Amino acid sequence: MRLKLNTKIILGFGLALSVLLLTSLGAYKSIEQLSFYTRQVEHTNQVLQHTSDLRTKIRDAQNAVRNYLLLSDATYLLPFNDGFQASKENFDSLQLLVRDNPEQQARLDTLRRMVGEERAFLGQWARMAPSPFTARDLVRADQYNLNQLRMVLTRMRSSEEVLLRERMQNQDFYENTTPVAIVVAAVLAIIIVLWLFVKISKELKANQDLQTELSQVNDDTARRIDIIEGLADRVVQGDYTVKIRNEDQQDSLGNLATSLNRMTQTLEENFTALQNRNKELDQFAYVAAHDLKAPLRGVTTVVKWIEDELANELSPQMSQYLGMMKGRLHRLEDLINGLLAYARAGRANQENTEVNVNQLVSNVADMVVPAHFRVLRPDPLPTFFTDRLGLEQVFTNLMGNAVKYHHQPTGIITIGCQDVGRCYEFRVQDDGPGIAPEYHEKIFLIFQTLRDRHTAESTGIGLSIVKKIIDEQKGTIHVESSPGQGTTFVFTWPK
């Protein structure tokens, strides 16, 4: 598994620091051991020094008593007392120095006892009458004690000298190895740092080359994505003949370009077929409507002739039947006209013009709203560029329905408007009977009406035409209503 550059740098520096730390610890331990053995050597030298001083003081004490006996001069006894007093200090120092050496502690206890006995022995001789013979006897009598003292001191010194040699050897070893350890630590650190520098330089160069390659790939990818976005924009605008050229790379974008080319080709074929079908349907609608209107007018004329020429001969029942026939004929004519209007809705290419919605609503109200209805406009209505005919047709149908389906001879129609960003949201509200929630979606379907099918003016096409026009404008429409609460049609219209 290939490690990232950051991970390699961290691992490299971690290794370098670890090696440097270990070598530094080794150097520190070496220096610590050197310091330890230096103190040990100094400690041994102090023991040797104190034993030498003790031996010297005992010998001086004996010489002081001997000189007193030879020369009969009491002043020679002063070094006797001072020597043994100073030897007590030597014993105390040695006691501290050899506290970690049981063997030497035992010898020191023996030596303390022997020195005490020597002091008592010399004290007895110091109280005798001075004479050369007495001095000679003292030297002979004290010879054994001095030899015993000398043997104990010699054993102590021999033991310390052995320790001294060992400690000096260790001291010499660490004196030699400490500089080597420090130098080795420095050299290792330098080698590791240089190795890291070389590795990081190579990695950085490799990364730079990779970034250059990635930059080229990104530029090429961005160029190809721009081409694909351009194709998508042209497809959105309705150009299905566009194709992506020179995109034969065997990668995801190349496969996407191939798929988009196939998609635009399929869209072009389907759109062409759809246009042909729409033309056929339009032609069929117009031909069917016109062909249906001719016999319809003929039947209507025949019924009128019968009523005019045979008015006195028709029974009330026959007159009722003829009236029902005329109602059905009028409904059929309204359905045919509605079908023609639905077929034409949104098909004509209208140029956008400046539309004053407030003036447009006034014009529509004059056409479809009776005088005993009131039209309220609490919100300021905008002026903007749009399809005037389509917007007028929407308001005409919605305001006409508010009047047509009102349950009272008088009523109020309220036109509201709100700016919602890219669209205006219009509200056409009335105080009529309202619509139950289960019919809110049904009323926008063609031929769907909430009135009796036999009612001539209820063809169920008006709201279908409104929805078709708004859908062509990429807007939305829905109804807010409940029985007895009036009805509000809310639709959005692009600016």
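None of the values given here were measured: they were computed from a predicted structure. We use all heavy atoms of the structure for the numbers below, so side chains are in, but hydrogens, waters and symmetry mates are not.
Ring centroids of Tyr424 and Phe384 are separated by less than 6.0 Å, placing the two rings close together.
Evaluation of the side-chain hydrogen bond (donor to acceptor under 3.5 Å, both in side chains) test over residues 412-421, restricted to residues two or more places apart or in two chains, returns Asp419-Lys495.
In this structure a side-chain-to-backbone donor-acceptor pair under 3.5 Å is present from Asp379 to Cys417. In terms of modelled atom types and a separation under 3.5 Å, the side chain of Arg388 and the main chain of Glu354 share no donor-acceptor contact. A donor-acceptor pair under 3.5 Å is formed between the side chain of Ser481 and the backbone N or O of Gly486. Looking only at distances, no side-chain donor or acceptor of Ser215 sits under 3.5 Å from a matching main-chain atom of Gln211. In this structure, the side chain of Asp220 does not engage the main chain of Gln216 through any donor-acceptor pair within 3.5 Å.
Taking both residues in full, the closest heavy atoms of Cys423 and Thr492 are given as CB-CB, 4.2 Å, listed atom of the first, atom of the second, then distance. Nearest heavy-atom pair, Gln473 versus Pro494, reported as atom, atom and distance to 0.1 Å: O-CG, 2.9 Å. For Ile435 against His440, the heavy-atom pair with the smallest separation is O-NE2, 3.2 Å. Counting all heavy atoms, side chain and backbone alike, Gln408 lies closest to Phe373 at O-CZ, 3.9 Å. Closest heavy-atom contact between Val403 and Pro370: CG1-CD, 3.4 Å. Considering all non-hydrogen atoms of both residues, Gly390 and Ile469 come closest at O-CG2, 3.9 Å.
Considering only heavy atoms from C-beta on, Gln429 stays 4.5 Å or farther from Thr487 through its side chain. Counting heavy atoms from C-beta outward, Lys467 and Ile470 have side chains that stay 4.5 Å or more apart. Residues Lys404 and Val368 have side chains not in contact (no heavy-atom distance under 4.5 Å, counting atoms from C-beta outward). Side-chain contact between Asn397 and Leu463: absent, with no pair of heavy atoms (C-beta onward) separated by less than 4.5 Å. A heavy-atom distance below 4.5 Å is not found between the side chains of Thr212 and Leu210. Annotation: side chain of Val357 is in contact with side chain of Leu391 (closest heavy-atom distance under 4.5 Å).
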Test Leu376 against Ile412 for side-chain contact (heavy atoms from CB on, under 4.5 Å), laying out the working first. CA-CA 7 Å; Leu376 303 181; Ile412 299 174; 3.5 Å; yes
What verdict does the side-chain contact (heavy atoms from CB on, under 4.5 Å) test give for Ile477 and Val490, after you've listed the backbone C-alpha separation in whole Å, the side-chain angles of each residue and the deciding distance to 0.1 Å? CA-CA 6 Å; Ile477 183 170; Val490 182; over 6 Å; no
Worksheet item: After noting the C-alpha distance and the side-chain angles of Arg223 and Asp219, does the key distance pass the salt bridge (Lys or Arg N to Asp or Glu O under 4.0 Å) rule?
Response: CA-CA 6 Å; Arg223 176 187 62 79; Asp219 292 342; over 6 Å; no
Applying side-chain contact (heavy atoms from CB on, under 4.5 Å) to Phe489 and Ile443, what does each step give before you reach the verdict? CA-CA 11 Å; Phe489 285 92; Ile443 58 176; 3.9 Å; yes
*Yes or no on ring pair (Phe, Tyr, Trp, His ring centres under 6.0 Å) for Phe395 and Phe491, after CA distance, side-chain angles and deciding distance?*
CA-CA 10 Å; Phe395 274 111; Phe491 70 92; 5.6 Å; yes
message = If you apply the rule side-chain contact (heavy atoms from CB on, under 4.5 Å), what do you find for Ile413 with Arg374, and how did you get there?
response = CA-CA 6 Å; Ile413 301 173; Arg374 286 192 299 159; over 6 Å; no
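Ion pair Lys468/Asp471 not flagged as a salt bridge, since none of the NZ, NE, NH1 or NH2 atoms sits closer than 4.0 Å to an Asp/Glu carboxylate oxygen.
Judged purely by distance below 3.5 Å, without hydrogens or angles, the side chains of Glu203 and Asn207 never pair a donor atom with an acceptor atom. If you check the side chains of His478 and Glu480, you find a donor sitting under 3.5 Å from an acceptor.
Counting heavy-atom neighbours within 6.0 Å of Glu438 CD, excluding the residue itself, gives a total above 12. Summarising the local packing, CD of Glu213 is surrounded by 12 or fewer heavy atoms from other residues, nucleotides or ligands at distances under 6.0 Å. In this structure, Glu441 places its CD atom where only 12 or fewer heavy-atom neighbours from other residues, nucleotides or ligands lie under 6.0 Å away.
Atom OG1 in Thr410 sits 7.5 Å away from atom CG in Asp431 (nearest 0.5 Å). The CD1 atom of Ile415 lies 8.0 Å from the CZ atom of Arg377; values are rounded to the nearest 0.5 Å. To the nearest 0.5 Å, atom CG of residue Asn356 and atom OG1 of residue Thr383 are 3.5 Å apart.
Results of the side chain to side chain contact (heavy atoms under 4.5 Å, CB included) test with Met399 over Val394, Asp430, Val369 single out Val369 as the only residue that passes.
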